[in-house]
2 protein chains.
Amino acid sequence: MKPRYLNLPPGACVEVLDMLSRVGDKWAIFVIVGLSEGSQRFSELQRSIENVSKKMLTATLRNLERDGFISRTVTPTVPVRVDYELTTLGHEVLVPLEALANWAIDRRDVVRNARQAFDESHPAVA
Amino acid sequence: MKPRYLNLPPGACVEVLDMLSRVGDKWAIFVIVGLSEGSQRFSELQRSIENVSKKMLTATLRNLERDGFISRTVTPTVPVRVDYELTTLGHEVLVPLEALANWAIDRRDVVRNARQAFDESHPAVA
DNA sequence: CCGGATCCAATCCGATACTG
DNA sequence: CAGTATCGGATTGGATCCGG
């Protein structure tokens, strides 16, 4: 394959890294996908995302809210009800994210094979 | 904005997370971009990527090699010479990555403003 | 129900020193 | 030159208890 030159403005790395670490947080992608089809309550998210602790879910939601990807709505009933949903920005990011996702799924076997070959030729030190 | 439904196969989250953590490692993106225009030696990479330690650069290169994104070529001169370059897979991933990057740069101000607004309405506990 | 506060184990990562 | 080995500080993340 011919080299494909990256056409990026200077300083792009930092931007991309910033975005990747935001959206690539262990649980962030699950939250985004979970909210992609509509708003959900805190407890709904926690149930639908396996193995996430309240602490991590809270932190993930805070970060995504802080960066403008999701909105948080408190209904002051007793007990409290809190709903989260994607903002416009949150919906927008689904586009490039979906592209990356589809590419990843498309190439999953290539990566899996590369990994296996590497591991076989680089045995653990016993 | 109308909700944009994510069109992803089941189990996609794990795939995407896997990809994001591979490529979203703190230094991986710098390596990939650094190699996007041609092969580079270990020391060239280390010089061009500010503040990366040998340990981290080595680890990053190992991971990318393991997953098939880069190749490692050893020339047994004295002293040794090691060249890294993107594989076909590595060049391919630049496409969705560039899309994400451009989106991130395009929306940088939105995110920055959201962050600032959030921080102002959520003051630190003094 | 939502989430903050605290404690603790595991992991990450930089600095340093050493090797082929 | 291109790593590996080791140590120690910093960060992460789960578990638990508490409060609005």
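Scope of the values below: all heavy atoms of this structure, side chains included, with no hydrogens, waters or symmetry mates. To find a chain, count down the sequence lines: A is the first, B the second, and so on, and within it residues start at 1. All values derive from a computational prediction rather than experimental measurement.
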| remark: Separation of D:dT4 atom P from B:Phe42 atom CZ, nearest Å, is 9 Å
| Any B:Tyr84 side-chain N or O less than 4.0 Å from OP1/OP2 of D:dC1 | no
| query | Could you state the interatomic distance from CG (B:Leu57) to OH (B:Tyr84), rounded to the nearest 0.5 Å? | reply | 7.5 Å
| message | Without decimals, in angstroms, what is the distance between A:Gln40 CD and C:dC2 P? | response | 11 Å
| message | Any side-chain to backbone donor/acceptor pair from B:Thr77 onto B:Pro79? Under 3.5 Å, distance only. | response | yes
| When the distance from CZ of B:Arg62 to C1' of D:dG3 is rounded to whole Å, what number comes out? | 8 Å
| task | Starting from P on C:dT11, measure out to CG on B:Asn63 and report it in whole angstrom. | result | 16 Å
| field | Axial bend angle, the helix from C:dC1-D:dG20 to C:dG20-D:dC1: five-pair end segments, nearest 10° | value | 40°
| Starting at CZ of A:Arg41 and ending at C1' of C:dG3, how long is that distance when rounded to a whole Å? | 14 Å
| query | With respect to the phosphate group of C:dG3, does any side-chain polar atom (N or O) of A:Arg72 fall under 4.0 Å of OP1 or OP2? | reply | yes
Detail all sub-3.5 Å separations between protein N/O atoms and N/O atoms belonging to nucleotides 11-14 of chain D.
| unit_1 | atom_1 | unit_2 | atom_2 | d |
| --- | --- | --- | --- | --- |
| D:dG13 | N7 | A:Lys55 | NZ | 3.3 |
| D:dG14 | OP2 | A:Ser53 | OG | 3.2 |
| D:dG14 | O6 | A:Lys55 | NZ | 2.3 |

| note | To the nearest 0.5 Å, atom CZ of B:Phe42 lies from atom NZ of B:Lys54 at 7.0 Å
| field | Nucleotide nearest B:Thr58 when distance is taken to its side chain, options D:dG3, D:dC17, D:dA2 | value | D:dG3
| Side chain B:Glu65, main chain B:Arg62, donor-acceptor under 3.5 Å | no
| query | Is any side-chain heavy atom of B:Val82 less than 4.5 Å from a side-chain heavy atom of B:Thr75? | reply | no
| query | C:dC13 P sits how many Å from B:Lys54 NZ, rounded? | reply | 18 Å
| query | Should B:Glu15 and A:Ile105 count as side-chain neighbours, where that means a heavy-atom distance under 4.5 Å? | reply | yes
| remark: Walking DNA chain D from its 5' end, the first of A:Pro79 and B:Glu44 to be reached, judged by nearest nucleotide, is B:Glu44
| said: Working to the nearest 0.5 angstrom, can you tell me the gap between A:Met56 CE and A:Asn51 CG? | reply: 13.5 Å
| task | Using the side-chain contact (heavy atoms from CB on, under 4.5 Å) rule, take A:Asp119 and B:Arg66 through it: C-alpha gap first, then chi angles, then the decisive distance, then the call. | result | CA-CA 8 Å; A:Asp119 290 345; B:Arg66 183 168 113 99; 2.5 Å; yes
| field | Length of the line joining B:Gln46:CD and D:dG3:C1', which is rounded to integer Å | value | 10 Å
| query | Taking atom C1' of C:dC2 as reference, at what distance in whole Å does atom CG of A:Leu57 sit? | reply | 10 Å
Scan the side chains in residues 21-28 of chain B for donor-acceptor partners under 3.5 Å anywhere in the protein, sequence neighbours excluded, and list what turns up.
| unit_1 | atom_1 | unit_2 | atom_2 | d |
| --- | --- | --- | --- | --- |
| B:Ser21 | OG | B:Leu17 | O | 2.6 |
| B:Ser21 | OG | B:Asp18 | O | 3.1 |
| B:Arg22 | NE | B:Asp67 | OD2 | 2.7 |
| B:Arg22 | NH2 | B:Asp18 | OD2 | 2.4 |

